[in-house]
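Below is one structure, written out as structure tokens; comments come after it.
Numbered from 1 within each chain, the chains take letters A, B, ... in sequence-line order. Here the structure is a predicted model, which means the values were calculated and not measured.
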There are 2 protein chains.
Amino acid sequence: MGTENINILIADDHQMVIDGLKMMLDNQNYNVISEANNGQEAIDLINVNPLKYDLVLTDISMPLLSGTELCKMIKAQFPHIQVLILSMYNNAQAVKEAVLAEADGYILKNSGRSELLQALHRITNGGTYFSQDIVPIIYGQYQKQKVQDEKLNVLSPREKEILSLIVKELTSEEIAEKLFISKKTVDNHRQHLFVKCNCKSTVGLVKYAIANGLE
Amino acid sequence: MGTENINILIADDHQMVIDGLKMMLDNQNYNVISEANNGQEAIDLINVNPLKYDLVLTDISMPLLSGTELCKMIKAQFPHIQVLILSMYNNAQAVKEAVLAEADGYILKNSGRSELLQALHRITNGGTYFSQDIVPIIYGQYQKQKVQDEKLNVLSPREKEILSLIVKELTSEEIAEKLFISKKTVDNHRQHLFVKCNCKSTVGLVKYAIANGLE
DNA sequence: TAAGCTATAGGTATATGTACCTATTAAAAT
DNA sequence: ATTTTAATAGGTACATATACCTATAGCTTA
């Protein structure tokens with residue numbers, strides 16, 4: 001077997017780009033086993049035999065189905081397939097979309113062969129790769145996640161702990177036992193949670209917790 | 001208390017459309033609590049207080065961030081918020097995008113007030129609404145959504161309806177009033193839901209509903 | 001026809017949650 | 001040094017949910 005091979009599908013609406021990529025990957029342990037000229041073609045190919053592919057190398061702007069859309073579909077349906085997005089642009093929106101689409105990497109088309117190989121290496125080893133010049137852009141996206149986290153931060157540690165147990169379907173009494181405190185204390189925390197989460201019942205707390213990533 | 005209110009955010013880059021919609025929704029149990037002139041503004045508003053909103057009514061073509069992108073972000077980050085997309089066009093691509101973005105509904109701007117209200121009613125009761133003339137278009141892309149929906153299909157329509165209202169933080173009594181049935185009936189449905197959803201309390205029902213896209 | 005499911009509704013009893021209070025202690029912030 | 005806050009816990013009262021029952025009417029399916 002030797003070093004295991006990575007089976008790749010390339011999606012790009014310019015055949016020249018595909019050919020160039022294939023040459024770059026020649027003599028590496030990467031097999032380009034399929035090509036597609038747009039996202040739809042790519043997803044169709046994948047649908048035929050999803051397990052055949054380890055990684056998809058895709059352009060971002062393609063007719064019918066864009067690279068980010070393709071990525072979203074892949075991640076939703078075939079999460080074992082990794083996705084590296086190739087883009088002409090390094091604008092914030094495109095990167096943001098790629099990040100939201102859960103791409104494993106994003107590099108620019110003017111990247112050299114070495115950067116391509118580095119990105120592939122990192123990704124196939126379970127990591128991610130984003131071009132250095134777009135890292136600041138990603139940080140902008142970071143904040144958004146933080147906003148949610150910060151919301152949970154208005155809850156005290158104990159409140160978060162109790163909310164977490166509520167979501168696990170424990171009753172106040174069970175929570176009290178588990179934390180070695182009085183049921184009354186738990187109920188008081190619950191009351192405070194209502195105020196802080198701006199809701200009026202445990203149902204609202206559960207929704208809040210899920211919406212804010214506490215699970 | 002009466003029937004509970006639905007808090008709505010409207011996103012459209014034409015103030016006239018916003019004003020028109022507000023008038024259409026006047027005197028209904030819908031509160032338009034925020035307005036935005038593009039998707040970015042909308043998502044910023046939502047980020048400030050996600051739980052404030054029950055539903056977003058959005059145009060599809062807007063500067064900075066389109067309606068479908070907005071929808072995707074909402075569904076990814078705040079799945080409790082429902083989205084009804086308003087479009088000028090009924091072309092396949094736009095509808096497909098809306099479906100992929102997991103919009104709860106898609107209607108055309110030339111729809112009348114009654115269709116708008118019908119769509120809102122269906123959506124806020126846990127269903128979806130797509131203009132009749134675009135239904136055939138949707139079928140092609142339907143598959144993905146079905147996987148999740150099939151889980152919910154073990155629930156009877158009435159059970160789904162009641163589950164939906166439970167998640168909206170209504171008590172059994174309030175649900176009974178709203179549906180003109182006895183509180184006992186609601187409680188019986190609740191019991192059946194426990195069995196079908198394999199959980200032991202309302203907390204579990206809420207988690208099930210959110211996990212399966214019923215909101 | 002019989003069986004099964006859905007939706008309806010009632011009874012009874014208990015468990016749990018929710019809405020208000022007050023109050024103490026320790027720690028953190030002003 | 002004073003004020004706030006978190007975490008603790010108690011009381012009382014009421015609301016709501018949960019666990020069991022039975023039962024009927026309508027509709028679908030074997």
### Task
Name the first nucleotide and the last nucleotide along DNA chain C (5' to 3') that come under 4.0 Å of a heavy atom in chain B.
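Terminal contacting nucleotides, 5' to 3': C/dT6 to C/dT12.
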
### Query
Across the strands shown, which category fits A/Thr185 at heavy-atom distances under 4.0 angstrom: base, sugar-phosphate, nothing?
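If one applies the 4.0 Å heavy-atom cut-off, A/Thr185 turns out to touch a base.
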
### Task
Using a 4.0 Å heavy-atom cut-off across all strands, classify A/Ser182 as base, sugar-phosphate, or nothing.
sugar-phosphate

### Partner set under side-chain contact (heavy atoms from CB on, under 4.5 Å) for B/Asn7, not counting sequence neighbours
B/Asn31, B/Ile33, B/Asp54

#### Entry: side-chain contact (heavy atoms from CB on, under 4.5 Å) partners for A/Asn198, two or more places apart
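Once residues adjacent in sequence are excluded, A/Asn198 has no partner under the side-chain contact (heavy atoms from CB on, under 4.5 Å) criterion.
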
#### Entry: Verdict with reasoning, B/Gln191 to B/Asp187, per side-chain hydrogen bond (donor to acceptor under 3.5 Å, both in side chains)
CA-CA 6 Å; B/Gln191 293 285 331; B/Asp187 281 333; over 6 Å; no

### Query
Looking only at side chains, do A/Ser164 and A/Lys168 share a donor and an acceptor under 3.5 Å apart?
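Looking only at side-chain atoms, A/Lys168 and A/Ser164 do form a donor-acceptor pair, the distance falling under 3.5 Å.
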
### Task
State whether the side chain of B/Asp104 and the backbone N or O of B/Val83 hold a donor-acceptor pair below 3.5 Å, judged by distance alone.
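Flag set: sc B/Asp104 to bb B/Val83 pair under 3.5 Å.
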
Scan nucleotides 24-30 of chain D against the protein and return all N/O pairs shorter than 3.5 Å with their distances rounded to 0.1 Å.
none

### Query
For the base of D/dT16, is there a side-chain donor-acceptor partner from B/Lys183 under 3.5 Å away?
no

### Message
If you take any heavy atom closer than 4.0 Å to DNA chain C, which residues from residues 187-203 of chain B end up in contact?
### Response
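Correct list: B/Asn188, B/His189, B/Lys196.
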
### Task
Find the distance A/Glu174:CD to D/dT18:P and express it as a whole number of Å.
13 Å

#### Entry: Any side-chain heavy-atom pair of A/His189 and A/Arg158 under 4.5 Å
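Answer yes - side chains close enough.
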
### Terminal axes of the helix from C/dT1-D/dA30 to C/dA29-D/dT2 (five pairs each): angle between them, nearest 10 degrees
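One end's axis against the other's: 60°.
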
